[in-house]
Chemist: 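One structure, as structure tokens, below. Some questions next.
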Amino acid sequence: MTALTVLAAEPPSLVQSVDWLAIAPVVITAAVGLLVLVADLFVPEHRKPVLGWISVAGLAAATATLLPLRAGDRTTFCLTGDPAACSYVADHFALVIQFLVLGGALLTALLSVTAVRDLRMPAGEYWFLLLSSAAGAALLPASRDLATLIVALEVASLPAFALVGMRRGDRLSSEAALKFFLSSVTATAVSLMGVSFVYAATGSLHLTQVADRLEDVPGQLDTLAMAGVALTLVGFAFKTAAVPFHFWVPDTYVGAPLPIAGYLSVIGKAVGFTGLILVTVIAFPAYSDIWGPALAVLAALTMTVGNAGALRQSADRPNSAVRLLAWSSVGQAGYLLVPIAAAAYSGRDQIGSTVAYALMYAAVNLGAFAVAALVARTKPLHRISDYRGLYAERPLAALSLAFFLLCLAGLPPGIIGLFAKVTVFRSAVDAGLGWLAVVMAVNVVIALYYYLRWTALLFRGPEGAEAAEGARTRTKAPWPVTAAIVVTAITAIVLSGAPQLVLRVASGSLFAQ
């Protein structure tokens, strides 16, 4: 037997090569989190703020490493027997979502620099948990097998439970963390059962292989596969705050530190929607007749219940401002679900609408929470009525918040919000979901009321007692909070001036090609 024959008979190597540049954004975020945790043991108490700035620098570095990857053609952790089946894919879709996640985490870190000090939260634990959650959230859009997907989902979620309950001794914070934890763990258990059913029916966890094998499932396994598809979607529906899995949102946002509430409203949703897109569009296209109608109904229910909840908020009720933003985020989740449901009827190209809407929503919603964090420094009850006369006290903050609210409402000059809603509306019409487009139009009109009511309040003259109190309690805004407001405002203004940039970025994803 010749040497050539011997070599040809040898089994393929099981050693997988690692593309360190492709995984750099995730690795850097996780490594800085570990660095902060260890450094916390040695840094004296009066120097703890330096941990925050290390975290900010780490998130900035992780975001910067996305630039060399902009070609979007790198894969790693691939099966040696099937190079097309990879666990990590740095395509355009993954890079856009990673930019959203890491950029949102960076803005959250800026807001947290002063919040950690003011609320006397343990710095080392806080920054480690935030970076760990951000690392999991950045891993998820690049995940291309169900095991990595679930692990990334939980790495993003588990630290968030602790971050919500970080205000020690606060009853609302502890209650919010417990509700969030119990609800999420239940949803994850259901999803894991669904994944096990899918694996039993297909014999694979890689999304591309699952998709191929679901096309020709043996008759005796068809029911098992359908059950697996339905159960897998439950966990991701929870993360997106889709009705009826939304009940944790208002209490969690109220009990969490304000920067974490903003983080959950944007990054938490990005994680849920990304996972939902990956499992439906890549792994389960063979069962689009099941998940398509289900997601369309969920979208209609979610936007309706969310807007109804926001409409009920009383301006003088404590925490009404945070609750309105929470219910508003549920309504916005309904809009984000529309293109995913439409993809079941008219193909992957509809997913670009969800990506475009998510980018707009991330910028303006984080900006709204940044202004709320500024106002809360002097008015900690978080009432909508606390914003009356804000223009007289802080003109730039009031104008920024008004612009953010108009973007969320989809009204000029918030062109980017209008553009995003029209894009989502068109996806429903193109997919033949006329009834869903009508429901969305009605909900957009309903949302105009509470967004405009809050906007009008910003420019009303403060009452006598309120004016005196405002003049007495007004303090200089911390520059990290100001920086967060400025960055989000400039981003929203630029995108409103050139909204086609969002669609161009979104259409560069794998699913829009």
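Just so we're clear, the structure is a prediction, and the values are computed from it rather than from any experiment.
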Chemist: Could you go through the side-chain contact (heavy atoms from CB on, under 4.5 Å) check for Tyr391 and Arg460 one step at a time?
Modeler: CA-CA 8 Å; Tyr391 181 75; Arg460 289 184 184 175; over 6 Å; no

Chemist: Between Thr354 (side chain only) and Leu336 (backbone N and O only), is there a donor and an acceptor less than 3.5 Å apart?
Modeler: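 Looks like yes, one N/O pair under 3.5 Å.
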
Chemist: What I'd like to find out is whether the side chain of Leu381 reaches to under 4.5 Å of the side chain of Asn319, using heavy atoms alone.
Modeler: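 They are not in contact (no side-chain heavy atoms under 4.5 Å apart), so the answer is no.
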
Chemist: Please determine, by modelled atom types, if Lys421 and Tyr357 share a side-chain donor-acceptor pair under 3.5 angstrom.
Modeler: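 Tyr357 and Lys421 do have a side-chain donor-acceptor pair below 3.5 Å.
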
Chemist: I'd like to know whether the aromatic ring centres of Phe238 and Trp248 sit less than 6.0 Å apart in this structure.
Modeler: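 Phe238 vs Trp248: aromatic centres under 6.0 Å.
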
Chemist: Between Thr302 (side chain only) and Ala333 (backbone N and O only), is there a donor and an acceptor less than 3.5 Å apart?
Modeler: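 Judged by distance alone, no pair lies under 3.5 Å.
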
Chemist: To check you understand the geometry: which heavy-atom pair defines the closest contact between Leu140 and Gly275, and what is its length?
Modeler: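 Here Leu140 and Gly275 meet closest at CD2-N, 3.5 Å.
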
Chemist: Find out whether His382 and Ser320 are in side-chain contact, i.e. whether some heavy atom of one side chain is under 4.5 Å from a heavy atom of the other.
Modeler: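 Of all side-chain heavy-atom pairs linking Ser320 with His382, none is under 4.5 Å.
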
Chemist: Is the backbone of Gly272 close enough, under 3.5 Å, to the side chain of Thr240 for a donor and an acceptor to pair up by distance?
Modeler: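 Side chain of Thr240 to backbone of Gly272, a donor-acceptor pair under 3.5 Å: no, none is there.
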
Chemist: Check the side chains of Asn443 and Tyr335 for a donor-acceptor pair under 3.5 angstrom, ignoring hydrogens and angles.
Modeler: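 There is no such pair (donor and acceptor under 3.5 Å, judged by atom type) between the side chains of Tyr335 and Asn443.
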
Chemist: Look at the side chain of Thr304 and the backbone N and O of Leu301, then say whether any donor-acceptor pair between them is shorter than 3.5 Å.
Modeler: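 No.
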
Chemist: Considering residues, nucleotides and ligands other than Phe403, do more than 12 of their heavy atoms fall under 6.0 Å from its CZ?
Modeler: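 Check passes, neighbour count above 12.
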
Chemist: Ignoring hydrogens and angles, state whether a donor on the side chain of Tyr126 or Ser55 is under 3.5 Å from an acceptor on the partner side chain.
Modeler: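 On atom types as modelled, these side chains do not qualify, holding no pair under 3.5 Å.
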
Chemist: Between Gln98 and Ala138, is there a donor-acceptor pair closer than 3.5 Å when you use the side chain of the first and the backbone of the second?
Modeler: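 Indeed, once roles are kept as given, a pair shorter than 3.5 Å links the two residues.
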
Chemist: Start with the C-alpha gap between Ile446 and Leu311, add the side-chain angles, then the distance that decides, and say whether side-chain contact (heavy atoms from CB on, under 4.5 Å) holds.
Modeler: CA-CA 8 Å; Ile446 293 173; Leu311 203 60; 4.0 Å; yes

Chemist: In terms of the angle between their ring planes, are Phe181 and Phe161 parallel, tilted or perpendicular, with boundaries placed at 30° and 60°?
Modeler: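 Perpendicular, since the angle between the ring planes exceeds 60°.
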
Chemist: Are the side chains of Leu418 and Leu411 in touch, meaning some heavy atoms are under 4.5 Å apart?
Modeler: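 SC-SC contact between Leu418 and Leu411 ruled out.
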
Chemist: Could you walk me through whether Met440 and Val424 pass the side-chain contact (heavy atoms from CB on, under 4.5 Å) check?
Modeler: CA-CA 9 Å; Met440 179 180 173; Val424 169; 3.8 Å; yes

Chemist: When you measure from the side chain of Thr65 to the backbone N and O of Ala62, does any donor-acceptor pair fall under 3.5 Å?
Modeler: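 Yes: the side chain of Thr65 pairs with the backbone of Ala62.
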
Chemist: Counting N and O atoms only, with roles assigned by atom type, does the side chain of Asn307 sit under 3.5 Å from a partner on the main chain of Met303, one being a donor and the other an acceptor?
Modeler: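 A pair under 3.5 Å: yes.
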
Chemist: Report yes if some heavy atom in the side chain of Val113 is under 4.5 Å from a heavy atom in the side chain of Pro49; otherwise report no.
Modeler: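 In short, these two side chains do not touch, never coming nearer than 4.5 Å.
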
Chemist: Looking only at non-hydrogen atoms, find the nearest pair between Pro478 and Leu374 and report the distance.
Modeler: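 Of all heavy-atom pairs spanning Pro478 and Leu374, the closest is CD-CD1, 4.5 Å.
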
Chemist: Donor-acceptor pair, Arg70 side chain versus Leu67 backbone, under 3.5 Å?
Modeler: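 Yes, because the side chain of Arg70 sits within donor-acceptor range (under 3.5 Å) of the backbone of Leu67.
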
Chemist: Quick test of your reading of the model: are Asp316 and Arg388 salt-bridged, counting only N-O distances below 4.0 Å?
Modeler: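 Looking at Asp316 and Arg388, the cut-off is not met.
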
Chemist: Closer than 3.5 angstrom, by distance alone: can the side chain of Arg167 be matched with the main-chain N or O of Gly255 as a donor-acceptor pair?
Modeler: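 Confirmed, Arg167 side chain pairs with Gly255 backbone.
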
Chemist: What's the shortest heavy-atom distance between Thr108 and Pro259, and which atoms?
Modeler: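 Shortest heavy-atom contact: CG2-O, 3.5 Å.
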
Chemist: Would you say the side-chain atoms of Lys239 and Ser157 include a donor-acceptor pair closer than 3.5 Å?
Modeler: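 On atom types as modelled, these side chains qualify, holding a pair under 3.5 Å.
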
Chemist: Please name the pair of heavy atoms, one in Leu298 and one in Pro244, separated by the smallest distance, quoted to 0.1 Å.
Modeler: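 Distance-wise, the nearest heavy atoms are CD2-CD, 4.2 Å.
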
Chemist: Using only heavy-atom distances, determine whether the side chains of Tyr263 and Ser133 contain a donor-acceptor pair under 3.5 Å.
Modeler: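 Indeed, the side chains of Tyr263 and Ser133 share at least one donor-acceptor pair under 3.5 Å.
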
Chemist: One pair to check against side-chain contact (heavy atoms from CB on, under 4.5 Å): Val164 and Leu264. What are the steps and the verdict?
Modeler: CA-CA 9 Å; Val164 169; Leu264 292 176; 3.8 Å; yes

Chemist: For residues Arg453 and Ala310, report the shortest heavy-atom separation together with the two atoms involved.
Modeler: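 Nearest pair, atom of Arg453 first, then Ala310: NH2-O, 4.4 Å.
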
Chemist: Does Asn365 reach the main-chain N or O of Ala362 with its side chain, forming a donor-acceptor pair under 3.5 Å?
Modeler: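 No, the answer is negative, given that no donor and acceptor are paired below the 3.5 Å cut-off.
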
Chemist: Between Ser329 and Val249, what is the shortest heavy-atom contact and its length?
Modeler: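 Minimum heavy-atom contact is OG-CG1, 4.1 Å.
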
Chemist: Would you say that more than 12 heavy atoms from the other residues, nucleotides or ligands in this model lie under 6.0 Å from the CZ of Phe247, or not?
Modeler: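 Enclosed.
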
Chemist: Can you find a heavy atom in the side chain of Phe419 that is under 4.5 Å from one in the side chain of Ser496?
Modeler: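 Sidechains of Ser496 and Phe419: no contact.
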
